[in-house]
Each structure stands twice: as C-alpha cells, then as structure tokens.
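If you're wondering where the values come from, they're calculated on a predicted model, not measured in any experiment. Throughout, numbering of the chain's residues begins at 1 and tracks the sequence. Numbering of ligands and ligand atoms starts at 1, following listing order.
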Amino acid sequence: MSADNLVIVIGSGTMGRGIAQVALSHGFRVHLVDPSTSQREFAHKAISQGIGRALEKGQVPREGTLGWPERLTMGPDWHDRDPAWVIEAIPESLDLKGPLFTQLDQEFGESVWLASNTSSIALTAIQGMARRFPHRVGGLHFFNPVPRMALVEVIAGMATAPDFVTAAHALVKQWGKEPVTVPDRPGFLVNRVARPYYLESLRMVEEGVTDFEACDQVFEGAGFPMGPFRLMDLVGIDVNFSVSQSVFEQTFYDPRYRPHALQQNKIWLGHLGRKSKRGFYAYE
Ligand code: NAI
C-alpha cells in the first residue's frame with residue numbers, strides 16, 4: 001500500500017472523526033483507529049453526514065470527496081499500514097498519549113510523520129516518549145468543529161525537525177486550512193489566552209456576579225461566535241477540564257490558570273456538554 005496520501009488517525013472522537021472527514025474530503029485515504037466499536041460506528045455515521053452536508057452547502061470541492069467511502073478504513077489497530085502521517089487524537093493525558101507515542105515510534109519508520117492533536121501538552125514531553133526518532137514528532141492542533149475551523153496550530157517541540165513544520169504546513173494547506181506555527185509553551189497560543197476566558201467566567205458565575213446564560217449573551221453580543229459556557233458544552237466539559245489541568249500543571253501552578261471546581265462537579269454528574277446531551281445547557 002503506497003504511503004503517499006494515507007493518514008492514520010488515532011482516536012475517532014470529536015476531533016479524530018473531524019480530521020478524518022477533512023482528509024477524506026480532499027482525496028486522502030484514512031485509516032481511523034479506535035478501540036471502541038461504538039465510537040467507530042458513530043464516527044462513520046458522523047463523517048457520512050458531515051460530508052453530505054458540506055457538499056450541499058458547497059463547502060468542499062465535489063471532486064475531493066469522490067469515492068470517499070472506499071478511501072476510509074477503520075479498526076482497533078493500524079498494523080501493516082504504510083502511512084505518510086499518523087495524527088493522534090486520543091484523550092488529553094500524557095499517561096495515555098506517552099505510551100502510544102512510544103509504540104508509534106517503535107513501529108513506524110523514520111519517514112513517517114507523527115503528530116499529536118493535543119490542546120496543551122508540551123510536544124517536548126511527547127517527544128520524550130518517542131526517543132528513537134523524536135525529530136519527526138510535532139503538534140497539529142486542529143480546532144472544533146474541524147471541518148469548519150480554518151486555523152491549525154503547528155507546534156515544534158525542542159527536538160522537532162524544521163522539515164516537520166514544512167511538511168505540516170503543506171499538509172494542512174492541502175486540506176484548505178490555515179497553518180500557524182506557535183511556540184511549545186503551555187496551551188500554545190490559543191489555549192493560553194482561552195483559559196482565562198473560561199475560568200474567569202466560571203469564577204464570575206460562582207461569585208454570583210452573573211449567571212451563565214447572561215455571560216454567554218454578553219460575549220456573543222460583543223461579537224464572539226460563542227460565549228464561554230456554550231463553547232465549553234461544545235468542546236466537552238471533561239476535555240476542557242483536562243486541558244485546564246494540563247495548562248495549570250505546566251505553568252508550575254500559576255494561579256491565573258487554576259481549574260474550577262464547577263468543571264469537576266459537572267464531570268462527576270456526567271454533564272459533559274452536547275455529547276452527553278447535558279452540560280450547562282440541555283440538548284435534544
Ligand atoms: P473524545 O473524548 O471525543 O475522543 C477520544 C477518542 O479516543 C475516543 O473515541 C476514545 O475511544 C479514543 N481512545 C482512547 N484511548 C485510545 C487509544 N489508546 N487508542 C485509540 N483511541 C483511543 O476527545 P476529543 O475531544 O476528540 O479530544 C481528542 C484530543 O483532541 C485531545 O487531546 C483534546 O485535547 C484535543 N482537542 C479537543 C478539542 C475539542 O474541542 N474537543 C479541540 C482541539 C483539540
């Protein structure tokens with residue numbers, strides 16, 4: 001199997017299936033990996049609906065999507081495949097991503113680029129788990145929803161080769177996205193600024209300064225596409241909390257980035273946002 005345009009995407013959740021959809025919409029072949037059969041099945045349905053909708057709205061070139069079902073494979077593992085890229089989109093924890101990158105580093109030859117879609121974990125920490133060829137490891141941080149959001153943060157860890165950055169820019173441009181190289185610092189660029197947006201809003205609600213609906217109304221009225229609470233529901237309150245914890249730890253506990261108990265309480269109750277039909281808001 002030729003490596004030319006095969007991308008292995010690991011994790012078929014919100015981000016993995018979005019990345020897969022975009023690659024499939026631009027003529028690439030995708031192998032989507034997830035241990036969960038139900039997640040894979042859901043991803044297949046979501047990709048099919050997503051491509052259909054994007055075609056109806058003229059958001060993707062029809063020729064790019066031709067034959068996409070034959071270009072998509074799925075499974076619990078990636079064995080015997082020869083990709084140009086592997087893009088990881090599993091939960092935001094170095095305890096999970098680290099061992100995965102150790103395995104990827106062992107199993108794939110040096111010419112295969114290994115990217116993480118991490119929102120906040122230092123790429124240098126991930127490279128520390130891929131010590132055979134750490135120079136081919138870097139960050140490709142897509143935004144949610146992937147098919148609609150143009151920005152991709154490209155992150156070079158301390159050991160990343162300049163060729164990774166060049167190849168990453170070329171790849172995401174082929175997918176109609178706008179790559180921007182950002183530093184390997186906690187939260188990179190977007191999440192460093194976005195953390196206080198969420199966390200200060202949570203504090204204001206706890207202090208009774210405002211309620212969450214009014215807070216969203218104000219920001220949306222001021223031109224933000226989504227207020228902080230609607231956005232947390234979209235991202236997933238669990239994902240948002242993991243990113244908050246990760247940025248807090250990596251800033252050596254800078255109080256500006258302290259996570260909020262309300263995030264934890266929502267998770268304990270299973271109110272994760274849109275994906276569980278209940279977060280700050282309720283969904284049909
Ligand atoms: P998610 O919880 O929707 O999906 C994660 C998927 O990974 C699940 O389907 C799960 O079954 C699978 N998985 C878990 N362990 C695995 C393993 N070892 N191998 C293969 N699959 C495995 O998570 P989501 O939201 O897609 O986030 C994934 C990554 O993308 C995280 O690093 C997150 O920080 C980042 N991200 C998330 C954004 C968001 O808005 N949700 C935005 C940008 C980045």
Here the gap from M232 atom CE to D216 atom CG, rounded to the nearest 0.5 Å, amounts to 8.0 Å
Atoms in ligand 1 with a heavy atom of P35 nearer than 4.0 Å | 19 (N), 20 (C), 21 (N), 22 (C)
Are side-chain N/O atoms of Q127 and H135 paired as donor and acceptor at under 3.5 Å?
-> no
Would you say A89 touches ligand 1, if touching means a heavy atom closer than 4.0 Å?
-> yes
Centres of the W113 and F133 rings: under 6.0 Å?
-> no
Could you list which atoms of ligand 1 come closer than 4.0 Å to a heavy atom of I10?
-> 19 (N), 20 (C)
Check if R17 has a non-hydrogen atom at a distance under 4.0 Å from any atom of ligand 1.
-> no
When you measure from atom 14 (C) of ligand 1 to every protein heavy atom, which one gives the shortest distance, and what is it?
-> P91 CD, 3.4 Å
Please determine if K97 has a nitrogen or oxygen closer than 3.5 Å to a nitrogen or oxygen of ligand 1.
-> yes
Salt bridge or not for E220 and R230, using N-O below 4.0 Å?
-> yes
Take E92 and I121 through the test side-chain contact (heavy atoms from CB on, under 4.5 Å) and record every step on the way to the result.
-> CA-CA 8 Å; E92 187 75 350; I121 297 172; 3.7 Å; yes
Please could you name the atoms of ligand 1 that G13 approaches to less than 4.0 Å, counting only its heavy atoms?
-> 3 (O), 4 (O), 6 (C), 9 (O), 26 (O)
Report the nearest protein non-hydrogen atom to atom 37 (C) of ligand 1: residue, atom name, distance rounded to 0.1 Å.
-> M15 CG, 3.3 Å
heavy-atom search around atom 41 (N) of ligand 1 in the protein gives V235 O, 3.0 Å
Decide whether the shortest distance between a heavy atom of E88 and an atom of ligand 1 is less than 4.0 Å.
-> no
Side chains of S116 and E88: is there a donor and an acceptor less than 3.5 Å apart?
-> yes
Residues N191 and S120: side-chain donor-acceptor under 3.5 angstrom | no
Cut-off 3.5 Å, side chains only: do E41 and T37 have a donor facing an acceptor?
-> no
Which atoms of ligand 1 are found less than 4.0 Å from any heavy atom of H141?
-> 43 (C), 44 (C)
Atom 16 (C) of ligand 1: nearest protein contact (heavy atom, Å) = I90 CG2, 3.7 Å
Does ligand 1 have any atom that is closer than 4.0 Å to a heavy atom of L100?
-> no
Name the option, out of L140, D34, L231, that contains the heavy atom nearest to atom 11 (O) of ligand 1.
-> D34
Positive for side-chain hydrogen bond (donor to acceptor under 3.5 Å, both in side chains) with W78, one of E107, Q103, H31 | E107
Looking only at side chains, do S12 and H44 share a donor and an acceptor under 3.5 Å apart?
-> no
How about F229 and Y281: are their ring centres within less than 6.0 Å of each other?
-> no
Q39: numbered ligand 1 atoms lying under 4.0 Å from its heavy atoms | 8 (C), 9 (O)
Distance filter under 4.0 Å to F142 heavy atoms, resulting ligand 1 atoms = 43 (C), 44 (C)
Which heavy atom of the protein is the closest neighbour of atom 33 (C) of ligand 1, given with residue, atom name and distance?
-> S119 OG, 3.5 Å
Considering heavy atoms of the protein only, find what lies nearest to atom 23 (O) of ligand 1 and give residue, atom and distance to 0.1 Å.
-> V239 CG2, 4.3 Å
Look at R53 together with E56 and state whether they make a salt bridge at an N to O cut-off of under 4.0 Å.
-> no
Around atom 2 (O) of ligand 1, find the nearest protein heavy atom and jot down its residue, atom name and distance.
-> K275 NZ, 4.1 Å
Between N117 and ligand 1, is there a nitrogen or oxygen pair with a distance under 3.5 Å?
-> yes
Atom 32 (O) of ligand 1: which protein heavy atom is closest, and how many Å away?
-> E92 OE1, 2.5 Å
Could you tell me whether K266 sits above the aromatic face of F280, with NZ or CZ closer than 6.0 angstrom to the six-membered ring centre and within 45 degrees of the axis?
-> yes
For T14, counting its heavy atoms only, list the atoms of ligand 1 lying under 4.0 Å from any of them.
-> 3 (O), 25 (O), 26 (O)
